[in-house]
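Written below as structure tokens is the structure these notes are about.
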Amino acid sequence: MDWVWSHAGDLWSLVLTHVGLSVPPIVLGFVISVPLGYWASRSAAARAVLLTLGNVLYTIPSLAFILLVPVVLGFALLDAKNVLVALTVYAIAIMVRSAADAFASVSASVRESAVAQGFSPAQRFLRVELPLAGPVLLAGVRVVSVSTVSLATIGSLAGIDSLGNLFTDGFQRDFAVEIITGIVLVLALAAVFDVVLSLVGRLLLPWSRRTGRGRVRRSAPAAASVSEQVA
Amino acid sequence: MILLLQGVAWLLDPANWADSATPGLLSQLLGQLGITLASIVVAVVVAVPLGVLIGHTGRGRLVAIVASNAARALPTLGLFSVVVIALTLDPQWLAPVIPLALLGIPPLLAGTYAGIEAVDGQVVDAARAMGMTEWQVLLRVEIPLGAPLIVGGLRAAVLQTVATATLASFYGFTTIGNSILLGPDSNQYIPMIGGSLLVTVLALAIDGLFALLQRSSAPRGVSRGARRTTNAARGRFITSPAGTPISRGN
Amino acid sequence: MAIEFRHVSKTFPDGTTAVEDFSLSIPSHETTVLVGSSGCGKTTLLRMINRMVDPSSGSILIDGEDISGIPPVGLRRRIGYVMQNSGLLPHRTVADNVATVPMLTGVPKRKAREDALALLDRVGLDRGLAKRYPAQLSGGQQQRVGVARGLAVDPNILLMDEPFGAVDPIVRDELQQELLRLQGSLGKTVVFVTHDIDEAFLLGNQVVILQRGGRVAQVGSPKEILANPANDFVADFIGAKRGKRRLTAEAGASGDEVLLVDAAGYAAGVITAPGGRLELATAGSSPKSRSVSNKTDQAGDA
Ligand SMILES: Nc1ncnc2c1ncn2[C@@H]1O[C@H](COP(=O)(O)OP(=O)(O)OP(=O)(O)O)[C@@H](O)[C@H]1O
Ligand SMILES: [Mg+2]
């Protein structure tokens, strides 16, 4: 504990660095995935291609990915951009699937009735489909956010500063307190991000808040909603 | 790009596969697979019975979801470091297995209980009404029908374990990470690139194998065998969490 | 295999009381139909017979033996159960579905499969369908497989929960006739649940009209109920109040036919007796003779 207080300043700056490393991929991943996911929800071919590609990218081990980015894109080896790119690609790989499912979950009858009421395609997207896809999109971003915060620590193996420094440094000094402090900070940061996202969700999607859940039934739809939460 | 080609060439050079002063690629590959296998076995032993129990009884679902989400946030690198430092384990290979198994448990658990739970309740009810015991309901109805999602969970778990096992090198265990981690420390880019490629190819190959397994694990009658349900079943493959790596190791 | 309900009540854990103080004697080798509108507790009552639901109070006896002392699994294996959605196992072929329970009880696979084929004949299914999966069958075919499965262990009791509820009227007619034919030769104790009063009158030797909470509004043969509805609820339920059961004869288009018209002017059926002469059936003749081409025909002899 003493160690924690005496290093509070260093820890805080590592937290800020970590935030700087994880926020852009989450935001970029979302912004890029929404149109891709929408496309995937409207065309089976696009869906097949995008999701397969996402799966393949996701399969690349993170350490390998971070180390390969500079080789392929020509960045310097110790550039934080390498981690940013890798994390963004992972974020997209997860988020495109969520977004495709989110738009696919908007019922065709709602969409058709919007068309029948005379919404233009753009209006339909912004005022009907996007809000209705909101809850599933939100669930997707929350998954992305948590895994990005945790994943960013890998950067320290490639020499990019993050809270992961506490793990490598603590390990080399055989100092468990430092490592545990790092784990706690990562978990706390992930929790803060998650709370922020769910608050944003409440603000933007006030209708989707659940008012007391009904009895859990053994049924396919119930399981589907679980899988959304875990996927 | 030239570096990439050099990496490929390095991989194709048999000399790099043999052991010299340090373990060669073959030893590294076997080490990676061994650690992965051991971790997955542990994860399966813990997660599958638990997932089956949760799916069958419908109890403890919320706990499972919360625990899975929390586990997703756990940084594997930190977990590795702490286990290696804080625990003196005998045999030693347990050290990487513990954090990796912890990593594999959430997707396996989620896939298993989602698979069991997604089985049509009326079919289960009918099976019970016919006079199946709870075990028979489980073994003959719920597990076969939930198999695609369970295999999906296994696929996600194996995938992230094999990818993450690379990190064990940092703690002195022989994996492909030996080649990769050479890079940043000693400016040996080519083994680093070659190693990265090898891990990626390995992960893709395993993923491909599982894609096939997952397809054949769908009981006939609910997939290809059935004319009428073919599309529905395919749809489920695409939208289910099964095809997705449910969470990622790091 | 007579079944007896004695002061049976069922309150589910969530507080819903589905059945309250229900008593009934179900005679053996006959068909008893429980009929009532949705949510009145029919399924709950039926499922208490094979212990899929245990009563909160009261007792159920099969041939005098209280079933609360019989282990559920063994009990279920000797009672056939057919449900609305057929409940077939989607990952097993038709033949394997039919053979499931015999195989559970230790009948060798080969024999169970052979028996299954014979049962398919019995319920009017082509043997060629044996290798198909349930999803490759029509709804009507699935129901027939469901019936075959219910009969597979040659149970003395057959429970049927709206088995023909999800098929079109023509197929339903066929299935009903098939069931009458089967029951004519098998003589099982059949407990049949439906909310279709016509189906109840067609199939039932004994019809039980239920109100919410499993309250018995009237028990009797179709004739007794039609002739003497016990109260307004029954009269309303069987359609007597709206004049649906009061048929008057009119001359049909051709001289040989007599048209039966209900009080609302709806043509309910024709009698095709030669010369249009009505021959009143004498009491005691089979109530199941079908000479008239409409399901409501029993109104004719009421
Ligand atoms: N497992 C259960 N838990 C709580 N309530 C239940 C349960 N099963 C049935 N009920 C309730 O008991 C009442 C009777 O249900 P039941 O299924 O027996 O009706 P039913 O007559 O078969 O209706 P239907 O014609 O719609 O099938 C209903 O109010 C129903 O909501
Ligand atoms: Mg019912």
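Lettering follows sequence order; numbering is per chain, from 1. Computed from a predicted model, the values in this text were never measured in an experiment.
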What heavy-atom pair brings [X] and [Y] nearest, and what distance separates the two atoms?
X: A:Phe167; Y: B:Ser81; answer: O-OG, 3.6 Å
X: A:Ala176; Y: B:Ile85; answer: CB-CG2, 4.3 Å
X: B:Leu77; Y: A:Gly164; answer: CD2-O, 4.5 Å
X: B:Ala73; Y: A:Ala190; answer: CB-CB, 4.0 Å
X: B:Thr200; Y: A:Ala64; answer: OG1-CB, 4.2 Å

Nearest-0.5 Å distance, [atom1] of residue [X] to [atom2] of residue [Y]:
X: B:Ile180; Y: A:Leu157; atom1: CD1; atom2: CG; answer: 10.0 Å
X: A:Leu63; Y: B:Leu167; atom1: CG; atom2: CG; answer: 6.0 Å
X: A:Leu67; Y: B:Leu197; atom1: CG; atom2: CG; answer: 11.0 Å

>> List the residues meeting ring pair (Phe, Tyr, Trp, His ring centres under 6.0 Å) with A:Phe75, not counting sequence neighbours, and say none if there are none.
In response: none

At a heavy-atom separation under 4.5 Å, does [X] approach chain B through its side chain, its backbone, both, or neither?
X: A:Val149; answer: neither
X: A:Ile183; answer: both
X: A:Thr168; answer: both
X: A:Phe175; answer: backbone

>> For residues 36-45 of chain A, give me every residue with a non-hydrogen atom less than 4.5 Å from any non-hydrogen atom of chain B.
In response: none

> Relative to the ring of A:Phe171, is the ring of B:Phe170 parallel (under 30°), tilted (30 to 60°) or perpendicular (over 60°)?
Replying inline: tilted

> Would a 4.5 Å heavy-atom cut-off, applied to side chains only, mark A:Ser150 and B:Leu74 as touching?
Replying inline: no

>> I'd like to check A:Ile179 versus B:Leu79 (side-chain heavy atoms, cut-off strictly below 4.5 Å). Are they in contact?
In response: no

>> Report which part of B:Val84 has an atom under 4.5 Å of a heavy atom belonging to chain A: side chain, backbone, both, or neither.
In response: side chain

